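Here the structure is a predicted model, which means the values were calculated and not measured. Lettering of chains follows the sequences in order, A, B, ..., and the numbering in each one begins at 1. Hydrogens, waters and symmetry mates are skipped; everything else that's a heavy atom, side chains included, is used.
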Amino acid sequence: MLDKTFNPAEIEAKHYTQWEQSGAFSADPGSDSLPYTIMMPPPNVTGNLHMGHALTFTLQDLLIRFKRMKGFDALWQPGTDHAGIATQMVVERQLAEKGISRHDLGREKFLDAVWDWKAESGGNIVKQLRHLGASADWPRERFTMDEGLSEAVRSVFVRLYKDGLIYKDKRLVNWDPKLLTAISDLEVQQKELNGKLWHFRYPIDGEEGRYIVVATTRPETMLGDTGVAVHPEDERYQDLIGKNVKLPIVGRLIPIVGDEYADPETGSGAVKITPAHDFNDFEVGRRAGLEMINVFDKFAHINENGPAEYQGMERFDARKRIVAEFEALGLLEKIEDHVHMVPHGDRSGVPIEPWLTDQWYVDAETLAKPALEAVETGKTEFVPKQWENTYYDWMRNIQPWCVSRQLWWGHQIPAWYGPDGEIFVEESEEAAQKAAAAHYGRDGVELNRDPDVLDTWFSSALWPFSTLGWRGPGDEIPELDRYYPGDVLVTGFDIIFFWVARMMMMSLYFMKEIPFKTVYIHALVRDENGQKMSKSKGNVIDPLEIIEEYSCDALRFTLAAMAAQGRDIKLATSRVEGYRNFGTKLWNAARYCEMNGAEFDRAFDPLSCNLKVNKWIVGKVAKATQEIETALEGYRFNDAANAVYRFVWNDFCDWYLEFSKPILGSEDAGAIEETRKTIAWVLMQILHLLHPFMPYITEELWENFGGKDAGLLISSGWPTFTDAHIDAQADADMDWVIRLISDVRAVRAEMNTPPSVKAPLYLSDGNDEIRRRMSENTDLISRLARLSSLEELSGEMPKGAIQVVVEETTFVMPLGDLIDVGQEKARLNKEMEKTLVEIEKINKKLANESFVSKAPEHVVKEQHDRKADFEGTKAKLEEALARLADL
RNA sequence: GGGCGUAUAGCUCAGCGGGAGAGCACUUCGUUGACAUCGAAGGGGUCACUGGUUCAAUCCCAGUUACGCCCACCA
């Protein structure tokens, strides 16, 4: 017997363990079934489950459960990402609490500490995914720094280097002066800040008293100025081009050059050039052959190239002092308020500094070409399609990808340097030694390994194939053959560039094939202010708390129902509560089934039903199944969720179970038997349809209804229906009945006498005779069909009563006392008015000749039908009004 | 500066070229056997604004306004 209520926490733990132990999550490479693959975007090991995770993994789990039930050999490949900077920061912070810096430990011991941390806390996110019900193939779990995956990283790096697609270059990078590493363009976030624009006078050399005015938002960089640019055709400055400026404070002579970068319309039309600290100036400097003077050290403090009194000074302190000095020298023309974008490191939050260093770069432009083509030709499709444009824009303007990071945690770059700086890029130190021996013509040359590690996304880019066992070019791996490429990648738009694009590039280069056929981009779950949730902002809503309060099933269903395309999700807990209630509703429906002796009979054939109401629900199940399938195949999760919700609550509970009551209360053994079996059968179908959304409650009910004899629900097949099932529904008849009942209800409501007994059973309202007669004949439908009219009795009828004619017998139904006749009249009059307006509207439409002649036939018919309906409503209202008038 | 998205009930959001929807909230009524985490009935909307296409526009097109996001090296 089912308990009156159920305890989600209990059944969640129970069933998850059961599923996992039974091997239900595991792919089966040996099976004959078609494979279906989803690569799980690896969450950071440092991660804690947030709503974004909950959404993305719920959707993936939904798909994988659905496909698994459909009979595919479903592989959901899980794993975690080593998250270079994030993880290193976490461990460093922990060490800092004990007063230790990573430099105290040294590289090796620090890495040991990180691995220790990973062993202890790294499994957290994976545990939390299990709480979500994620049915991933856990024994296949991978970590981006596993030996196999690391080997793949090294071999990819070496191959790309040897193919000329990875190179070392000295150029300006985005330098994070807090984390002391280079970062890629994508890791830079522009923040709008209120700043100032300082206008400085630079004295012209050899022309006493003449100045050229330059404006800057970053006065401190003037220490590294090596030129002033004006537009070559700017008349104001024609005579100055070629002359020098004497740089104040520094005293250096720097040339005035003509360069089209200088915009005559902006400011004074002259711009100071600091090639070592600004990306534009870098270009100008290169064109004009200007010197590059780096005035910052790695902390963004003034280095030895600055004036003695500035050396070691922090950049913003230097700014203040420089401004003060200009003022003192009378060279400060003016200060303006100025709003501008300032680049910040997305991890550290401090302004980044363009800095001249040696870094490793990937030639992304070359790799992007096939990746672009794959989407252009439709080999990989984005859903929704609009994201393809985002992808194109970025890929077509792609910049070299800086992949080296000055960190310790990550894949150390497999490059070794000889004493003369010769670079040997090989997969191992032995190989590098060998290459060095060949190069130098002798053994035992001392080599030093590049200390840098690779961008975390470098290893993530290999995820679609490295997780399947690929370690290097030429590897032939059966599982790769079977499960690659993946069917769909489910992820958020925020990592299209970081990850999706790079997987496309790497996969096409090394696999010669796309990594996945579809990229489903879901919305972002935002906080209540519409802000992106992020750890650094601290505005993360904890899905585990929601699960605690409302159950995992409710959270999952809510996320699926809200995952419509094209809008961000601002989660409202009232929605979760509504879907929690949905679970309760199902639970109680199941209790009803149980109480009425509805037992699941595996041999039952739904096509054998004779009663119309049973045929009808069979057809409804078949239709709902189709609807859900179509929606899921098209990644319309909300449509699928709504379809199953409506079917369960509205069709099954509100109508079908209510219709079943008089039948089950009758004495027709055959009808009772058929109805019991149908009820149980429908319930079982519902459990299947709902399982991908609400795996726990469905598995629990499955267990209680004896479905378990055939194995776990998670491993059982998806319902299949034929046209015969749909044809069986006889829904025209039933829909008529439902409409009729609704009409009668509405009339009673107008009379302010809502039915005192639930829903369709109003016919038995206060009348045992009707109940008895209804029970005698199990064909409820034919009886209802003969309920042809509602007629008012005059004379002896009690006040406010209505007469119902069923077959030849007349029944009197009490309508109860009317409370306020005047108010009621006013309300009905209003209704009448509304109806008349509607009818008027439709009349007009029908009278419009061009409408009748040009509108499609079915439209015209619909309009006529609608008018007829309104006329009927009008008649009812008039009837009600007349009754009121009598009182 | 470029690109994209969004504007629908009090709130959170679906939907759509022919009768304005859901959940929550609200009003009224109803609990002696599935379910008060419930049932029945109901109130509430110029579908942001303007113009266009169409027999027909909340929906398609153009423009406007407001908000949000992404990209971008403008001193």
Between rU27(B) and rG44(B) - P atom distance, rounded Å: 15 Å
Among rU37(B), rG18(B), rA34(B), the nucleotide that comes nearest once only the side chain of Tyr592(A) is considered: rA34(B)
Asn588(A) side-chain N/O to rU37(B) phosphate OP1/OP2 under 4.0 Å: no
N/O (side chain, Lys4(A)) to phosphate O (OP1/OP2, rA34(B)) under 4.0 Å: no
Protein-nucleotide distance (Trp587(A), atom CH2; rC35(B), atom C1'), rounded to Å: 13 Å
Atom-pair distance (CG on Leu586(A); P on rC38(B)), nearest Å: 14 Å
rC74(B) to rU6(B) separation - C1' atoms, rounded to the nearest Å: 30 Å
Val859(A) side chain, from C-beta outward: closest of rC35(B), rA40(B), rG18(B): rG18(B)
Touch class at under 4.0 angstrom, heavy-atom based, for His338(A) against every strand present: sugar-phosphate
Same-atom distance (C1') from rC49(B) to rA66(B), integer angstrom: 11 Å
Parallel, tilted or perpendicular: ring planes of Phe557(A) versus Tyr579(A), cut at 30 and 60 degrees: tilted
Sugar-phosphate only, base, or nothing, as touched by His858(A) at under 4.0 Å among non-hydrogen atoms: nothing
Nucleotide nearest Arg575(A) (side chain, heavy atoms from C-beta), chosen from rU37(B), rU12(B), rG19(B): rU12(B)
Counter-base of rC11(B), judged by Watson-Crick or G-U geometry with both distances under 3.5 Å: rG23(B)
Candidates rG18(B), rC38(B), rC71(B) - which lies nearest the side chain of Phe497(A): rC71(B)
Rounded P spacing from rU46(B) to rA9(B) in Å: 9 Å
Of the listed nucleotides rC24(B), rA34(B), rG18(B), the one nearest the side chain of Glu862(A): rG18(B)
Sugar-phosphate, base or nothing in reach of Cys653(A), heavy atoms under 4.0 Å: base
Separation of atom CD1 in Ile686(A) from atom C1' in rA34(B), rounded to whole Å: 13 Å
d(NZ, Lys867(A); P, rG18(B)) in whole Å: 22 Å
rA36(B) - base-pair partner by Watson-Crick or wobble geometry, distances under 3.5 Å: none
Nucleotide nearest Asn642(A) (side chain, heavy atoms from C-beta), chosen from rG23(B), rC55(B), rA14(B): rA14(B)
Side chain to side chain, Leu290(A) and Phe282(A), heavy atoms closer than 4.5 Å: no
Touch class at under 4.0 angstrom, heavy-atom based, for Ala262(A) against every strand present: base
Touch class at under 4.0 angstrom, heavy-atom based, for Trp198(A) against every strand present: nothing
Residue whose closest nucleotide on RNA chain B lies nearer the 5' end, Val188(A) versus Gly269(A): Val188(A)
Sugar-phosphate only, base, or nothing, as touched by Pro354(A) at under 4.0 Å among non-hydrogen atoms: nothing
Options rG23(B), rA36(B), rG18(B), nucleotide nearest the side-chain atoms of Gln863(A): rG18(B)
Geometric class of the Tyr645(A)/Trp649(A) ring pair [parallel <30°, tilted 30-60°, perpendicular >60°]: tilted
Pairing partner (Watson-Crick or G-U wobble, both distances under 3.5 angstrom) of rG17(B): none
Pairwise C1' distance, rG10(B) and rG45(B) [rounded to whole Å]: 11 Å
Between Asn194(A) and Asp337(A): side-chain donor-acceptor atoms closer than 3.5 Å: no
Whichever of Thr390(A) and Asn280(A) has its nearest RNA chain B nucleotide further upstream toward 5': Thr390(A)
Nearest-Å distance once atom P is located in both rG2(B) and rC59(B): 27 Å
Salt-bridge present (Asp259(A), Arg287(A); N to O < 4.0 Å): yes
Distance, rounded to the nearest Å, where Phe382(A) contributes CZ and rC70(B) contributes P: 18 Å
Nucleotide forming a Watson-Crick or wobble pair with rC60(B), both distances under 3.5 Å: rG52(B)
Candidates rG18(B), rG39(B), rC74(B) - which lies nearest the side chain of Lys585(A): rG39(B)
Selected nucleotide, minimal atom distance to Asn638(A) side chain, candidates rA34(B), rG15(B), rC38(B): rG15(B)
Between Glu577(A) and Ser574(A): side-chain donor-acceptor atoms closer than 3.5 Å: no
Phosphate-side-chain proximity, Arg580(A) and rU37(B), N/O vs OP1/OP2 below 4.0 Å: no
Among rC69(B), rG19(B), rA34(B), the nucleotide that comes nearest once only the side chain of Phe493(A) is considered: rC69(B)
Distance in angstrom units between Glu388(A) CD and rG5(B) P, rounded: 14 Å
Spacing between Asp185(A) atom CG and rA72(B) atom P, to the nearest angstrom: 7 Å
C1' gap between rC29(B) and rA36(B), integer Å: 14 Å
Sugar-phosphate only, base, or nothing, as touched by Lys272(A) at under 4.0 Å among non-hydrogen atoms: nothing
Partner nucleotide, any strand, of rG45(B) [Watson-Crick/G-U, under 3.5 Å]: none
Watson-Crick or G-U counterpart of rC67(B), or none if no pair lies under 3.5 Å: rG5(B)
Residue-phosphate contact under 4.0 Å: Trp649(A) side-chain N/O, rG39(B) OP1/OP2: yes
Counterpart base for rU31(B), defined by Watson-Crick or G-U wobble contacts under 3.5 Å: none
Any side-chain donor near an acceptor of the partner, Glu336(A) and His199(A), under 3.5 Å: yes
Single hit among Lys272(A), Arg319(A), His277(A) for side chain to side chain donor-acceptor pair (under 3.5 Å) with Thr221(A): Lys272(A)
rA57(B) to rA62(B) separation - C1' atoms, rounded to the nearest Å: 15 Å
Sugar-phosphate, base or nothing in reach of Phe282(A), heavy atoms under 4.0 Å: nothing
Arg218(A) bridged to Glu353(A) by N-O distance under 4.0 Å: yes
Atom-to-atom span, NE2 of His277(A) to C1' of rC74(B) - whole angstrom: 19 Å
Short N-O contact, Arg591(A) and Glu594(A), less than 4.0 angstrom: no
